[in-house]
Amino acid sequence: MQDARQVFDEMSQRDVISWTAMIAGYGKHGYASHAIELFELMILNAMTPNPVTFVGILSACSHAGLLEEGKKYFDSMSHDYFINPTMDHYACMVDLFGRAGLLEEARAFISKMPVKPNAVVWGALLGACRVYIDATIGEYAAKHLLELEPEDAGTYVTLSNIYAAAGRWEHAAKVRKLMKERKVAKEPGCSWIEVNDKVHMFYIGDRLHSQTNEIYAELEKLDGQMKEMGYVPDTNLVMHNVDTEQKEQILHYHSEKLAIAFGIISTPCGTAIRIIKNLRVCVDCHAATKFISRIVAREIVVRDSNRFHHFKDGFCSCGDYW
């Protein structure tokens with residue numbers, strides 16, 4: 001983002017596309033304050049934002065949990081710029097309410113939408129229910145999602161996760177059984193890292209890498225150091241009805257942790273580690289990566305299916321909103 005900002009600042013002329021690209025970029029990387037600052041500067045420069053600009057600023061507010069700011073920009077879009085909200089804008093607002101834990105407000109917002117909500121809107125609500133373990137509204141959102149996209153594995157998995165986190169194992173099992181009956185396949189979590197121009201890919205519990213022993217040894221060392229610093233594995237995330245020790249083992253070998261451990265042992269000390277994951281990073285891996293960034297004194301950048309996370313000195317750029 002620093003390089004992008006330098007190029008942006010050096011431009012002799014900036015149009016709405018360049019302003020929007022920077023605002024959206026800041027939002028994706030968790031720098032909401034920079035996104036807002038740039039949006040306000042755009043207005044001061046007499047540049048009129050377009051619908052995509054508002055998606056960028058609303059998304060930035062959502063990712064940072066800036067509820068009041070997001071509501072202000074949503075109202076300004078129609079009142080000041082006469083832009084009619086699209087489905088993307090509505091989805092951002094549902095996400096904004098949901099991430100703030102205002103699930104009833106999010107549901108009420110959806111019910112008042114002048115257009116029929118699409119899968120993105122319902123998905124935002126369901127994702128928030130996963131974070132706040134609200135099975136009631138989660139069932140409501142999942143029902144509408146499955147009517148729209150009956151073969152989307154993510155809906156089944158998220159609903160099952162909500163049930164598991166709430167201790168409703170029978171319901172979680174029923175959802176997984178329904179997946180099998182409908183032949184819906186879950187996309188496996190996968191993380192990859194590029195080292196010396198070669199891409200290394202990892203799956204949960206992966207032992208196929210040529211440096212598996214070293215990777216697992218590094219993970220064991222990190223696990224002990226993290227626990228000494230106060231890390232407690234979030235076993236609520238494990239869908240299986242097994243004992244706590246087994247749940248911790250399952251969490252311990254998630255794909256992004258394997259990729260990070262490989263990055264630590266394969267790259268020079270002090271250099272940034274960059275990981276890509278095909279799914280949304282889980283709460284436990286997010287917490288663990290904050291600890292790891294502090295232990296190894298490195299920046300760890302994780303690009304998941306939703307956004308960029310910059311972990312450094314025990315903190316994440318997302319401010320724990322994602």
Side-chain angles (χ1 to χ4, degrees), residues 1-102 105-106 109-110 112-115 118 120-121 124 127-128 272 274 299 301-313 315-322:
M1 286 306 299
Q2 291 179 341
D3 291 341
R5 184 57 187 264
Q6 182 177 344
V7 171
F8 177 82
D9 289 339
E10 292 174 355
M11 293 175 68
S12 58
Q13 291 184 322
R14 307 183 190 96
D15 59 12
V16 66
I17 297 174
S18 53
W19 284 94
T20 298
M22 280 301 306
I23 291 167
Y26 276 134
K28 280 287 185 182
H29 284 266
Y31 304 121
S33 60
H34 293 309
I36 291 173
E37 179 185 346
L38 200 62
F39 183 88
E40 297 298 338
L41 184 61
M42 177 183 182
I43 304 304
L44 288 175
N45 277 267
M47 182 66 65
T48 302
N50 65 19
V52 180
T53 313
F54 277 102
V55 171
I57 194 64
L58 289 173
S59 179
C61 291
S62 171
H63 285 307
L66 302 177
L67 180 62
E68 295 305 318
E69 290 86 345
K71 289 165 66 176
K72 180 188 75 173
Y73 289 125
F74 183 78
D75 291 338
S76 173
M77 181 173 63
S78 56
H79 294 160
D80 299 330
Y81 298 97
F82 307 103
I83 296 174
N84 293 322
T86 66
M87 200 66 75
D88 288 336
H89 301 113
Y90 288 123
C92 285
M93 290 304 295
V94 172
D95 197 44
L96 184 65
F97 284 117
R99 289 175 190 269
L102 302 175
E105 286 83 347
F109 182 87
I110 293 174
K112 296 175 183 177
M113 286 174 52
V115 293
N118 66 3
V120 177
V121 172
R274 302 180 187 278
E299 181 180 13
V301 182
V302 178
R303 173 61 164 109
D304 69 5
S305 61
N306 200 34
R307 63 173 301 149
F308 286 89
H309 299 263
H310 294 256
F311 299 91
K312 190 173 182 180
D313 300 324
F315 297 94
C316 180
S317 61
C318 76
D320 297 336
Y321 283 92
W322 83 100

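Index from 1, following the sequence.
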Between [X] and [Y] (side chain of the first, backbone of the second, donor and acceptor by atom type, cut-off under 3.5 Å), is there such a pair?
X: S76; Y: K72; value: no
X: D95; Y: A91; value: no
X: R99; Y: L66; value: no

With a 4.5 Å limit on heavy-atom distance, are the side chains of [X] and [Y] in contact?
X: L38; Y: L41; result: yes
X: P49; Y: I43; result: yes
X: P114; Y: Y90; result: yes
X: M47; Y: T53; result: no
X: M113; Y: M87; result: yes
X: M42; Y: N45; result: no
X: H89; Y: V55; result: yes

Distance, nearest 0.5 Å, that separates [atom1] of [X] from [atom2] of [Y]:
X: I83; Y: S78; atom1: CD1; atom2: OG; result: 9.0 Å
X: C316; Y: F308; atom1: SG; atom2: CZ; result: 12.5 Å
X: M93; Y: I110; atom1: CE; atom2: CD1; result: 11.5 Å
X: L102; Y: L96; atom1: CG; atom2: CG; result: 8.5 Å

Would you name the heavy atoms of [X] and [Y] that are closest together and state the gap between them?
X: I36; Y: C61; value: CD1-SG, 4.3 Å
X: G27; Y: A35; value: N-CB, 4.3 Å
X: L58; Y: G70; value: CD2-O, 3.3 Å
X: A106; Y: G98; value: CB-N, 4.3 Å
X: N50; Y: V52; value: OD1-N, 3.0 Å
X: A32; Y: A64; value: CB-CB, 3.3 Å

Check the angle between the aromatic planes of [X] and [Y] and answer parallel, tilted or perpendicular using the 30° and 60° thresholds.
X: H310; Y: Y31; answer: tilted
X: F39; Y: Y73; answer: perpendicular
X: F74; Y: F109; answer: perpendicular
X: Y26; Y: H34; answer: tilted

Neighbour count >12 (heavy atoms, 6.0 Å) for atom [atom1], [X]:
X: I17; atom1: CD1; value: no
X: R274; atom1: CZ; value: no
X: Y81; atom1: OH; value: yes

Pair K71 + D75, salt bridge at N-O below 4.0 Å: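 Salt bridge between K71 and D75, a charged N being under 4.0 Å from a carboxylate O: no.
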Passing option when H63 is tested against K28, H29, R307 for side-chain hydrogen bond (donor to acceptor under 3.5 Å, both in side chains):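 Of the listed residues K28, H29, R307, the side-chain hydrogen bond (donor to acceptor under 3.5 Å, both in side chains) partner of H63 is R307.
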